[in-house]
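Below is one structure; the comments refer to it alone.
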Amino acid sequence: MSVSMTGSGEIATPVESSNSAMTWGPIFGGAAAAIGVTLILLLLGSGVGLTMVSPWSGQSSSLGTVGVTAAIWLVVVQWLSSGLGGYITGRLRTKWAAVHTDEVFFRDTAHGFISWALATIFVAGFLASSLTSLAGAGAQAVGSAASAAGTAAASSTASAADLPTAYFTDALLRPEQARAGATSDDTAATAEVSRILLNGAAAGQIPDDDKAYLATIVSARTGLSEADARTRVDTVLKRIDDAKVAAQKAAEEARKAASTTALLGALSLLIGAFIAAAAAAFGGSQRDEEEDLLVTPRV
């Protein structure tokens, strides 16, 4: 504490209030109001969002549309709840007597910001726990299926690990008269074709000699001519490439939707904090518009 002396020799000591500038009652009240409004609006948005999704083909909105709509709705929820919570925080706080106007403005904005932060932390924890519960329920639902498929999955993993060796072994032992082998052993021919396709998927393309060999096997199995069999092979390979492109496109759309949602979410949180602080300052200014005067009789 600094002490100064006036020109007349008097000692001037600064006045420090014993009361804290932080009033937790209005902060918790505003945060509770913001949390309640947020939960109500989130349930409303979930109900509306479920109408945009359908298991029937052609009756559901695209993933990008659903993601952008959800992001916009989260922004609206954040702004409305932040504004209401901040305003209630500002109106509920007690009047600070003998405090400068600028200091009152700062305290109001600080109270609104803290109220917004508490509400945001609670809602984030609630959403995280809800998602964790849903994930646990889903894991429990598929637990029996996963354990039943454990042996098959292990076998498939081993087969995938041995795929390069099996593919090159097939290439080394590929008979000159492939037509006779394909017609005599269907199981071996089918397995070899599968290995060729898997190797092509892993490498990104199928070599021309493998395409010719596939055409020979298809011709032997179906009775088509070599030219027609090669056309069928090219058609199937194109369908595989189209499916790969479609999967990549869907993954790209999901990535863009997630990125847009994250960016809009961060921006909405920042704006929500500003709205809560401004609403608290506005509510506090309305609280201080009229002064209550205490009149005491003259002694």
Side-chain angles (χ1 to χ4, degrees), residues 1 13-49 67-131 260-296:
M1 179 181 297
T13 304
V15 178
E16 185 72 19
S17 176
S18 60
N19 298 326
S20 173
M22 183 75 68
T23 308
W24 285 104
I27 291 176
F28 285 123
I35 291 170
V37 173
T38 299
L39 295 180
I40 293 174
L41 293 179
L42 285 178
L43 289 176
L44 178 61
S46 299
V48 175
V68 172
T69 303
I72 294 175
W73 181 247
L74 289 177
V75 171
V76 174
V77 171
Q78 174 66 215
W79 292 359
L80 290 178
S81 61
S82 298
L84 178 63
Y87 181 79
I88 291 179
T89 300
R91 288 300 299 266
L92 291 182
R93 58 93 173 164
T94 57
K95 179 180 178 61
W96 290 303
V99 178
H100 193 273
T101 306
D102 293 339
E103 179 65 20
V104 172
F105 178 78
F106 173 78
R107 292 183 183 184
D108 283 332
T109 56
H111 278 63
F113 177 78
I114 296 174
S115 175
W116 166 86
L118 288 177
T120 302
I121 292 173
F122 179 86
V123 173
F126 173 78
L127 293 179
S129 62
S130 300
L131 293 177
T260 302
T261 302
L263 293 176
L264 285 179
L267 181 61
S268 68
L269 287 176
L270 292 176
I271 298 178
F274 173 78
I275 291 176
F282 178 70
S285 64
Q286 287 189 334
R287 163 67 179 77
D288 296 338
E289 280 182 356
E290 296 183 1
E291 295 182 345
D292 295 329
L293 301 179
L294 179 62
V295 180
T296 58

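Quantities reported herein were computed from a predicted structural model and do not represent experimental measurements.
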Could you check if a side-chain atom of [X] sits within less than 4.5 angstrom of a side-chain atom of [Y], using non-hydrogen atoms only?
X      : Y      : result
Ile271 : Ile275 : yes
Val77  : Trp73  : yes
Val75  : Trp79  : yes
Met22  : His111 : yes
Trp116 : Thr89  : no

Give the table of side-chain donor-acceptor pairs shorter than 3.5 Å for residues 32-43, with sequence neighbours excluded, one pair per line with atom names and distance.
unit_1 : atom_1 : unit_2 : atom_2 : d
Thr38  : OG1    : Ala34  : O      : 2.7
Thr38  : OG1    : Ser81  : OG     : 3.2

Which distance, rounded to the nearest 0.5 Å, do you find between the CG of Leu270 and the CZ of Phe274?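 So the gap between those two atoms works out to 11.5 Å.
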
Once rounded to the nearest 0.5 Å, what's the spacing between atom OG1 of Thr23 and atom CD1 of Ile27?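 Those atoms lie 7.0 Å apart.
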
Could you report the tightest heavy-atom contact between [X] and [Y], atom names first, then the distance?
X      : Y      : result
Gly30  : Ser115 : C-OG, 3.2 Å
Lys95  : Asp288 : CG-OD1, 3.8 Å
Ala279 : Gly83  : CB-O, 3.3 Å
Ala281 : Phe105 : CB-CE1, 3.7 Å
Ser82  : Gly272 : CB-O, 3.2 Å

Under the side chain to side chain contact (heavy atoms under 4.5 Å, CB included) rule, what do Arg93 and Asp108 come out as? Steps first, then yes or no, please. CA-CA 9 Å; Arg93 58 93 173 164; Asp108 283 332; 3.0 Å; yes

